Amino acid sequence: KNEVEQSPQNLTAQEGEFITINCSYSVGISALHWLQQHPGGGIVSLFMLSSGKKKHGRLIATINIQEKHSSLHITASHPRDSAVYICAVTPLGSARQLTFGSGTQLTVLP
Amino acid sequence: EPEVTQTPSHQVTQMGQEVILRCVPISNHLYFYWYRQILGQKVEFLVSFYNNEISEKSEIFDDQFSVERPDGSNFTLKIRSTKLEDSAMYFCASSGLGEQYFGPGTRLTVT
């Protein structure tokens with residue numbers, strides 16, 4: 001059973017394009033996280049949210065708790081945004097651990 | 001900026017050997033985690049640790065695995081008798097009440 005589903009699995013965009021990555025989850029959650037995994041393997045937290053919308057630079061994350069859905073948007077994409085973007089959730093009642101989606105491989109071409 | 005560190009970055013071991021992966025979490029964090037990522041697969045939760053005891057563990061975290069916080073700074077993952085299928089990247093993470101901060105990972109190769 002896949003508790004966290006992401007789409008698309010792979011995404012190629014031209015520099016400057018607006019990008020959207022979607023995440024759906026099937027369990028009750030206390031928080032949803034968007035993470036970035038670099039080609040070398042390192043994982044960086046981009047956002048942690050439990051409602052509404054957050055913005056950091058060119059990145060925007062939204063969540064709809066009723067629909068169990070979140071989106072990550074990247075405005076004015078740049079080749080340095082190329083990475084794997086991972087959606088992860090903290091299930092309700094858990095000890096804060098994360099359940100991960102399979103990730104979206106984003107490639108931004110110059 | 002404070003960061004989570006992990007050593008070694010790469011460990012090669014023979015099947016059946018014991019390995020200890022080490023992590024130094026961010027100093028004022030209270031929650032600690034181990035995750036693993038088998039090559040080409042998604043990241044999986046292993047164990048969470050709070051107040052010097054395991055908070056939760058996954059089905060993967062069986063009797064061959066153990067965690068310790070032997071002093072005020074280190075957080076270790078021990079695998080007692082490694083199997084080929086333990087080959088993976090192991091990530092340590094720590095948090096306060098908010099987002100988790102991940103270490104760079106230890107790539108474990110079991111031959």
Side-chain angles (χ1 to χ4, degrees), chain A residues 1-10 21 23-27 29-51 54-56 59 61 63 70 72 83-105, chain B residues 1-6 8-11 23 25-26 29-61 67 87-109:
Chain A
K1 178 176 75 121
N2 225 353
E3 293 175 324
V4 183
E5 298 271 5
Q6 285 185 238
S7 63
Q9 286 187 315
N10 295 282
I21 299 170
C23 175
S24 297
Y25 53 92
S26 57
V27 298
I29 66 169
S30 56
L32 183 140
H33 304 249
W34 281 103
L35 309 158
Q36 182 189 55
Q37 186 167 30
H38 301 291
I43 297 173
V44 174
S45 177
L46 299 174
F47 295 103
M48 173 181 162
L49 63 167
S50 53
S51 66
K54 286 191 176 180
K55 184 175 189 291
H56 185 248
L59 301 179
I63 188 169
S70 175
L72 176 69
V84 176
Y85 291 83
I86 303 172
C87 173
V89 300
T90 304
L92 276 173
S94 71
R96 298 179 179 274
Q97 75 270 18
L98 302 182
T99 299
F100 292 76
S102 299
T104 295
Q105 173 69 62
Chain B
E1 187 176 322
E3 60 181 16
V4 177
T5 60
Q6 289 185 245
S9 56
H10 191 189
Q11 173 103 40
C23 169
I26 293 172
H29 283 176
L30 300 176
Y31 301 89
F32 313 111
Y33 318 84
W34 283 102
Y35 298 94
R36 80 169 185 192
Q37 186 176 32
I38 294 169
L39 188 64
Q41 297 186 22
K42 64 181 179 180
V43 181
E44 301 172 289
F45 166 72
L46 292 177
V47 66
S48 59
F49 194 86
Y50 170 72
N51 201 24
N52 282 320
E53 60 183 26
I54 291 174
S55 310
E56 196 153 350
K57 56 185 181 179
S58 71
E59 293 172 351
I60 303 167
F61 194 89
V67 289
S87 295
M89 182 76 95
Y90 288 81
F91 292 101
C92 171
S94 69
S95 74
L97 297 177
E99 60 191 325
Q100 294 187 19
Y101 291 78
F102 287 79
T106 292
R107 180 162 298 285
L108 176 65
T109 302

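Basis for what follows: all heavy atoms, side chains included, without hydrogens, waters or symmetry-related copies. Chain naming here is simple, since letters A, B, ... match the order of the sequence lines and numbering starts at 1 in each. Everything numeric in this text was worked out from a predicted model, so none of it was measured.
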Determine the option with the most heavy-atom pairs under 4.5 angstrom with chain B, choosing from A/His33, A/His38, A/Arg96. A/Arg96
Heavy-atom pairs under 4.5 Å with chain B, option from A/Val84, A/Leu98, A/Thr90 with the top count: A/Leu98
Listed by residue number, which members of residues 44-57 of chain B have a heavy atom under 4.5 Å from any heavy atom of chain A? B/Phe45, B/Ser48, B/Ser55, B/Glu56
Begin with the C-alpha distance, continue with both residues' side-chain angles, and end with the deciding distance and a verdict on side chain to side chain contact (heavy atoms under 4.5 Å, CB included) for A/Cys23 and A/Trp34. CA-CA 9 Å; A/Cys23 175; A/Trp34 281 103; 3.6 Å; yes
Compute the centroid of each ring, for B/His29 and then for B/Tyr101, and state whether the two points are separated by less than 6.0 Å. yes
With no hydrogens and no angle check, just 3.5 Å: does a side-chain donor-acceptor pair link B/Thr109 and B/His10? yes
What I want to check is whether the side chains of A/Gln36 and A/Tyr85 have a donor and an acceptor closer together than 3.5 Å. yes
Shorter than 4.5 Å, heavy atoms on both sides: which option in B/Gly103, B/Gly98, B/Ala93 has the most such pairs with chain A? B/Gly98
Using non-hydrogen atoms and a 4.5 Å limit, figure out which bit of B/Leu97 sits close to chain A: side chain, backbone, both or neither. both
At a 4.5 Å cut-off on heavy atoms, which part of B/Gln37 comes close to chain A: side chain, backbone, both, or neither? side chain
With sequence neighbours excluded, residues passing ring-ring contact (aromatic ring centres under 6.0 Å, His included) with B/Trp34: B/Phe75
Looking at residues at least two apart in the chain, or sitting in another chain, which of them share a ring-ring contact (aromatic ring centres under 6.0 Å, His included) with B/Phe102? B/Tyr35
Given 3.5 Å as the limit, does a donor-acceptor pair link the side chain of B/Gln6 with the main chain of B/Tyr90, or not? yes
For A/Leu72 and A/Ala61, the nearest pair of non-hydrogen atoms, with its separation, is CD1-CB, 4.4 Å
Sequence neighbours left out, what passes salt bridge (Lys or Arg N to Asp or Glu O under 4.0 Å) with B/Glu99? Give chain and number order. none
Check each atom of A/Ser94 against the heavy atoms of chain B and say whether the ones under 4.5 Å are side chain, backbone, both or neither. both
